[in-house]
Amino acid sequence: MDKKKKIGNIYMNVFSSKKEALAACLSFIARKSKLDLFFLNDYGFNIAQQDGAYRKILNQAGLLLNDGIGIKIGARIWGIQLQENLNGTDLIPLLLTHAAAENLSVYLLGSTEQNVRLAAEHLSQSIGGLKIAGCHHGYFQSDDEVVPAINQSGADILLVGMGMPLQEKFIARNHASLRPLTRIAAGGFIDFASGIKPRAPKWMRKLNLEWLYRMCLEPRRMWRRNVIGHAQFFFHVIRLKLKAGRDA
């Protein structure tokens, strides 16, 4: 497995393709090893600069994969060439197809009651043989409301789609008690799988412009995150690079 490489103060796995990243994920599943699979975008990077506990969680992930054009450019500043965007919305269906072939079951946690149920229904229909062990919305008050249900479902894979940093903190907080061996911070995957929220056209995804499409759909919510957030991200990346140069 590829050694993690540093972007500022975050250590990320670097793979040349989705196929290579998928193989790394499947190796954990084949060995029956616990895997906390997280994705790093510039929004998560920014949060990690203000929240040391969250930064530690990202750095302790079994696999931390690159998501988005910001991380690709930021990695280049640190001398790392990223080939493919390894976002969860593209990678998770590949993992679920493998799960169906291996008779592994999946539990969905996150989004609204309507969306998570629609996502469970659509995934079981679109991925032949996929077993949905259960689902629950993401607006619970206590982990005790959901962890026992997840464990009793017998699921092998847990998808947690509650947004950063809540989803990663939930997985880390319950690392020892969760029975599904593969735990994935799924971001907006549940909403996309529900069919309620559309994805960007393929040509925009190829050009790493999915962020622009989402900003057009939700300008009020996404403007600050994408415009101001991108500027903050590059400030942090360059600041950390200059500090590393002074400390060398």
Side-chain angles (χ1 to χ4, degrees), residues 1-8 10-45 48 58-102 104 106 123 126-130 156-161 164 167-168 171 181-190 192-193 198-214 230 233 237:
M1 185 178 300
D2 283 17
K3 184 179 179 182
K4 289 191 175 184
K5 296 184 180 180
K6 185 168 75 168
I7 300 175
I10 306 291
Y11 291 82
M12 187 180 69
N13 297 86
V14 176
F15 298 104
S16 62
S17 65
K18 288 186 184 70
K19 182 178 179 181
E20 195 173 87
L22 179 63
C25 297
L26 297 183
S27 71
F28 278 88
I29 294 173
R31 299 195 309 269
K32 299 188 184 306
S33 298
K34 284 184 179 180
L35 169 62
D36 292 346
L37 172 60
F38 301 155
F39 299 88
L40 180 67
N41 57 25
D42 50 2
Y43 179 64
F45 191 98
L58 293 182
N59 283 328
Q60 291 179 338
L63 289 172
L64 182 64
L65 305 181
N66 59 287
D67 177 3
I69 186 65
I71 292 295
K72 184 174 184 178
I73 298 171
R76 196 175 300 155
I77 293 170
W78 279 79
I80 302 166
Q81 299 296 322
L82 297 174
Q83 303 300 318
E84 270 196 75
N85 184 13
L86 303 179
N87 66 80
T89 312
D90 289 331
L91 192 65
I92 291 171
L94 302 178
L95 271 170
L96 296 185
T97 299
H98 171 84
E102 296 296 321
L104 302 177
V106 182
L123 287 170
S126 62
I127 301 176
L130 181 65
D156 302 290
I157 298 171
L158 171 64
L159 300 183
V160 183
M164 295 172 161
Q167 57 196 13
E168 292 86 4
I171 292 170
L181 293 179
T182 303
R183 306 90 178 268
I184 304 173
F189 176 78
I190 291 172
F192 292 129
R199 285 201 71 187
K202 284 186 179 179
W203 68 268
M204 292 190 81
R205 284 183 254 163
K206 281 188 176 181
L207 294 173
N208 289 307
L209 291 175
E210 190 159 15
W211 64 271
L212 180 60
Y213 181 82
R214 292 183 67 183
H230 284 331
F233 168 72
V237 167

Enquirer: For a 4.5 angstrom cut-off between non-hydrogen side-chain atoms, does Asn66 reach Met12?
Expert: yes

Enquirer: For atom NZ of Lys5, is the number of surrounding heavy atoms from other residues, nucleotides or ligands below 6.0 Å larger than 12?
Expert: no

Enquirer: Evaluate Leu65 against Leu37 for side-chain contact (heavy atoms from CB on, under 4.5 Å), listing each step before the verdict.
Expert: CA-CA 8 Å; Leu65 305 181; Leu37 172 60; 3.8 Å; yes

Enquirer: Going from CD1 on Ile127 to NE2 on His98, what distance comes out if it is rounded to the nearest 0.5 angstrom?
Expert: 12.5 Å

Enquirer: State which residues pass ring-ring contact (aromatic ring centres under 6.0 Å, His included) with Phe39; sequence neighbours excluded, sorted by chain then number.
Expert: none

Enquirer: Rounded to the nearest 0.5 Å, what's the gap from CG on Leu22 to CD1 on Ile92? Could you check?
Expert: 11.5 Å

Enquirer: Going by side-chain contact (heavy atoms from CB on, under 4.5 Å), name the residues that satisfy it together with Asp156, two or more places apart in sequence or in a different chain.
Expert: Leu104, Ser105

Enquirer: Measure across Leu130 and Ala99 and return the closest heavy-atom pair with its distance rounded to 0.1 Å.
Expert: CD1-CB, 4.3 Å

Enquirer: Hey, could you give me the CD1/CZ distance between Ile7 and Arg76, rounded to the nearest 0.5 Å?
Expert: 11.5 Å

Enquirer: Start with the C-alpha distance between Val14 and Leu82, add both sets of side-chain angles, then the distance that settles side-chain contact (heavy atoms from CB on, under 4.5 Å), and finish with yes or no.
Expert: CA-CA 7 Å; Val14 176; Leu82 297 174; 3.9 Å; yes

Enquirer: Does the side-chain contact (heavy atoms from CB on, under 4.5 Å) test come out yes or no for Phe45 and Leu58, once each step is laid out?
Expert: CA-CA 9 Å; Phe45 191 98; Leu58 293 182; over 6 Å; no

Enquirer: Under the side-chain contact (heavy atoms from CB on, under 4.5 Å) test, which residues partner Ser17, sequence neighbours left out?
Expert: Lys19, Glu20, Glu84

Enquirer: Does Leu63 form a side-chain contact (heavy atoms from CB on, under 4.5 Å) with Phe28? I'd like the steps, not just the answer.
Expert: CA-CA 10 Å; Leu63 289 172; Phe28 278 88; 4.0 Å; yes

Enquirer: Using every non-hydrogen atom in the two residues, find where Ile10 and Ala48 come nearest and quote the distance to one decimal.
Expert: CD1-CB, 3.9 Å

Enquirer: Hey, which of Thr182, Leu159, Leu26, Val106 is the one that makes side chain to side chain contact (heavy atoms under 4.5 Å, CB included) with Leu95?
Expert: Leu26

Enquirer: Where the side chain of Asn85 meets the backbone of Gly68, is there a donor-acceptor pair that is under 3.5 Å apart?
Expert: yes

Enquirer: On a heavy-atom basis, which atom in Ala100 and which in Gly128 lie closest, and how many Å separate them?
Expert: CB-O, 3.4 Å

Enquirer: If only atom types and distance count, is the side chain of Asp36 paired as donor or acceptor with the main-chain N or O of Arg183 below 3.5 Å?
Expert: no

Enquirer: If you measure from CG on Leu94 to NZ on Lys18, what distance do you get to the nearest 0.5 Å?
Expert: 8.0 Å

Enquirer: Work out which heavy atom in Gly88 is nearest to a heavy atom in Pro93; give both atom names and the distance.
Expert: O-CD, 3.9 Å

Enquirer: How would you list, by chain and number, every residue that makes a side-chain contact (heavy atoms from CB on, under 4.5 Å) with Ile73, sequence neighbours excluded?
Expert: Ile69, Phe234

Enquirer: Looking only at heavy atoms, what is the nearest atom pair of Gly74 and Val237, with distance?
Expert: O-CG1, 3.9 Å

Enquirer: With sequence neighbours left out, what residues match Gln167 under side-chain hydrogen bond (donor to acceptor under 3.5 Å, both in side chains)?
Expert: none

Enquirer: Nearest 0.5 Å, please: how far is CD1 in Ile71 from CZ in Phe233?
Expert: 4.0 Å

Enquirer: Would you say the side chain of Phe189 lies within less than 4.5 Å of the side chain of Leu123, judging by non-hydrogen atoms?
Expert: yes

Enquirer: Between CD1 of Ile29 and CG of Leu35, what distance do you get to the nearest 0.5 Å?
Expert: 7.0 Å

Enquirer: Shortest non-hydrogen contact from Lys4 to Tyr11?
Expert: CD-O, 3.7 Å

Enquirer: Name all residues meeting the side-chain hydrogen bond (donor to acceptor under 3.5 Å, both in side chains) criterion together with Asp67; count only those two or more places apart in sequence or in a different chain, and write none if there are none.
Expert: none

